[in-house]
Amino acid sequence: MDRMENMKLMDIYNRLYNNFGPRHWWPAKDDFEMIIGAILTQNVAWKNVEVAIENLYSRDLIDLYRLYNAKNEEIIDAIRPARFFNQKLRYIKAFCKHIIDEYGGELDKFFDKDTKTLRRELLSLPGIGEETADVIILYGARKPIFVVDAYTKRLVSLLGIMDGPFTYPRVQQYFMSNLETDLYLFNEYHALIDAWGNIICRGKAAKCAECPLSDLCSICTLDRTKDRIAPVI
DNA sequence: TTCCTGCGTT
DNA sequence: AACGCCGGAA
């Protein structure tokens, strides 16, 4: 734990928290819905996922066994707004099958495993990459792990707080080695970075005037008219 | 790298 | 019409 790096990261966290307030993630009624949402949201706007989840609820399919036994056409019909529906159908069914075969359909038994084992097991499943695995560990199993997404890479790149290349494990290691291992902190930090990337720092339409980190940003100087350059990731 | 491939925003 | 989205696989 480097004191200076910790101060930098906590300063960023506090600015985001003061600006956006607590985000109360993950937005789901239960753990199963949380996991389905995590798969459906891959490279898709969350608004589309909300529709897909609602479609599943209206078909009474937010349930491990009912979803696993449902017809492919019915699931595709429901999740179509979340894009890549053929792949995501396979991913969802594979996850359900795994929990049914290995844990008798009980998610809690799956979550009981230690973080490292849980992560390995999640990564072995189709459609579960590093980000989705960590999201499920943090917001589903409620174990402290730092989630890295495209916004996180954009943030460290723009603020110049760490050296590249900004690969998933390197960025994750940077945050986890310089922050207290705290479930609430990791929960809010990722959710706040998402709010920042989603609401403020969205590519061409970036609202630098409203950004609580503008004075730390290497390319977003407000005192001169300057075209934004895409961050190198 | 490319494919997957819906929808609100600009 | 083009962009970009709470990515992952091959």
Side-chain angles (χ1 to χ4, degrees), chain A residues 13 16 20-29 31 33-56 72-73 75-95 98 119-142 145-158 165-172 175 186-210 227-233:
Chain A
Y13 173 79
L16 293 174
F20 297 109
R23 307 306 296 166
H24 308 295
W25 271 27
W26 183 279
K29 294 193 202 59
D31 291 343
E33 182 198 324
M34 185 269 134
I35 290 166
I36 299 305
I39 293 172
L40 291 180
T41 199
Q42 290 167 359
N43 206 33
V44 174
W46 180 252
K47 202 156 268 185
N48 292 28
V49 179
E50 287 183 316
V51 177
I53 297 274
E54 200 44 52
N55 289 342
L56 289 170
N72 291 349
E73 297 73 34
I75 299 176
I76 287 178
D77 222 37
I79 68 174
R80 185 173 295 276
R83 298 184 80 194
F84 316 126
F85 39 82
N86 284 310
Q87 301 186 116
K88 288 174 180 179
L89 166 70
R90 291 202 310 275
Y91 300 163
I92 288 170
K93 286 225 164 181
F95 181 85
H98 186 255
R119 193 173 200 271
R120 259 203 308 274
E121 204 165 314
L122 282 164
L123 290 175
S124 76
L125 298 174
I128 312 281
E130 294 192 279
E131 180 179 343
T132 306
D134 289 337
V135 158
I136 292 172
I137 293 169
L138 179 65
Y139 297 105
R142 299 167 216 281
I145 195 162
F146 201 92
V147 175
V148 175
D149 63 355
Y151 296 148
T152 313
K153 293 177 180 177
R154 184 186 301 172
L155 185 140
V156 297
S157 172
L158 288 177
F166 305 113
T167 63
Y168 194 100
R170 290 190 79 253
V171 177
Q172 182 177 52
F175 279 91
F186 288 179
N187 179 320
E188 284 297 337
Y189 213 141
H190 172 65
L192 287 164
I193 290 176
D194 173 78
W196 170 79
N198 214 335
I199 301 169
I200 305 283
C201 195
R202 36 170 55 235
K204 283 175 73 176
K207 300 169 183 169
C208 298
E210 301 169 32
D227 287 334
R228 290 178 49 79
I229 307 163
V232 180
I233 299 175

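Each chain gets a letter, A, B and so on, in the order the sequences are listed, and its residues count up from 1.
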### Any residue meeting side chain to side chain donor-acceptor pair (under 3.5 Å) with A/Thr132, in chain and number order, not counting sequence neighbours
A/Gln42
### Summary
A/Asn72 meets the side chain to side chain donor-acceptor pair (under 3.5 Å) criterion, sequence neighbours left out, with A/Lys93
### Message
Once salt bridge (Lys or Arg N to Asp or Glu O under 4.0 Å) is applied, do any residues pair with A/Arg119, and if so which ones, sequence neighbours excluded?
### Response
A/Glu130, A/Asp134
Spacing of [X] atom [atom1] and [Y] atom [atom2] [to the nearest 0.5 Å]:
X: A/Leu40; Y: A/Trp46; atom1: CG; atom2: CH2; result: 8.0 Å
X: A/Glu131; Y: A/Ile136; atom1: CD; atom2: CD1; result: 11.0 Å
X: A/Ile145; Y: A/Tyr139; atom1: CD1; atom2: OH; result: 12.0 Å

## Note on the structure
DNA chain C nearest-nucleotide lookup for A/Pro126 and A/Pro27: closer to the 5′ end is A/Pro27
When the distance from [atom1] of [X] to [atom2] of [N] is rounded to whole Å, what number comes out?
X: A/Glu54; N: B/dC7; atom1: CD; atom2: P; result: 15 Å
X: A/Asp77; N: B/dG6; atom1: CG; atom2: P; result: 13 Å
X: A/Lys88; N: B/dG6; atom1: NZ; atom2: P; result: 11 Å
X: A/Asp149; N: C/dG8; atom1: CG; atom2: P; result: 10 Å
X: A/Ile53; N: B/dC7; atom1: CD1; atom2: C1'; result: 17 Å
X: A/Leu89; N: B/dT5; atom1: CG; atom2: P; result: 11 Å
X: A/Leu125; N: C/dG7; atom1: CG; atom2: C1'; result: 16 Å
X: A/Phe84; N: C/dC5; atom1: CZ; atom2: P; result: 12 Å

### Message
Checking contacts here: which listed nucleotide (C/dG7, B/dT5, C/dC6) is nearest the side-chain heavy atoms of A/Phe85?
### Response
B/dT5
### Residues from residues 189-199 of chain A lying under 4.0 Å of DNA chain C - heavy atoms
A/Asp194, A/Asn198
Please answer whether the main-chain N or O of [Y] pairs with a side-chain N or O of [X] as donor and acceptor at a distance below 3.5 Å.
X: A/Gln172; Y: A/Phe146; result: yes
X: A/Tyr151; Y: A/Trp196; result: no
X: A/Lys88; Y: A/Ala82; result: yes
X: A/Asn48; Y: A/Pro81; result: yes

### Message
Looking at A/Asn86, I'd like to know whether one of its side-chain N or O atoms comes within less than 4.0 Å of OP1 or OP2 on B/dT5.
### Response
yes
### Task
Work out which heavy atom in A/Asn43 is nearest to a heavy atom in A/Arg83; give both atom names and the distance.
O-NH1, 3.7 Å
For the [atom1] atoms, the ones on [N] and on [M], what distance do you get once it is rounded to whole angstrom?
N: B/dT2; M: C/dC3; atom1: P; result: 15 Å
N: B/dC3; M: C/dC6; atom1: P; result: 23 Å
N: C/dG8; M: B/dC7; atom1: P; result: 22 Å

### Task
Strictly below 4.0 Å, heavy-atom distances to any atom of DNA chain B: list the hits from residues 128-140 of chain A, or just say none.
none
Below 3.5 Å between N/O atoms, which protein atoms pair up with nucleotides 8-10 of chain B? Just atom names and distances, please.
none

### Task
For A/Arg83, answer base if it contacts any base atom (sugar-phosphate contacts may also be present), sugar-phosphate if it contacts only those atoms, and nothing otherwise; contact means non-hydrogen atoms under 4.0 Å.
base
### Task
Could you say whether the aromatic ring of A/Tyr151 and the base of C/dC5 stack, counting only centre distances under 5.5 Å and plane angles under 30°?
no
### Query
If we ignore angles and hydrogens, is there a donor and acceptor under 3.5 Å between the side chains of A/Arg202 and A/Asn198?
yes
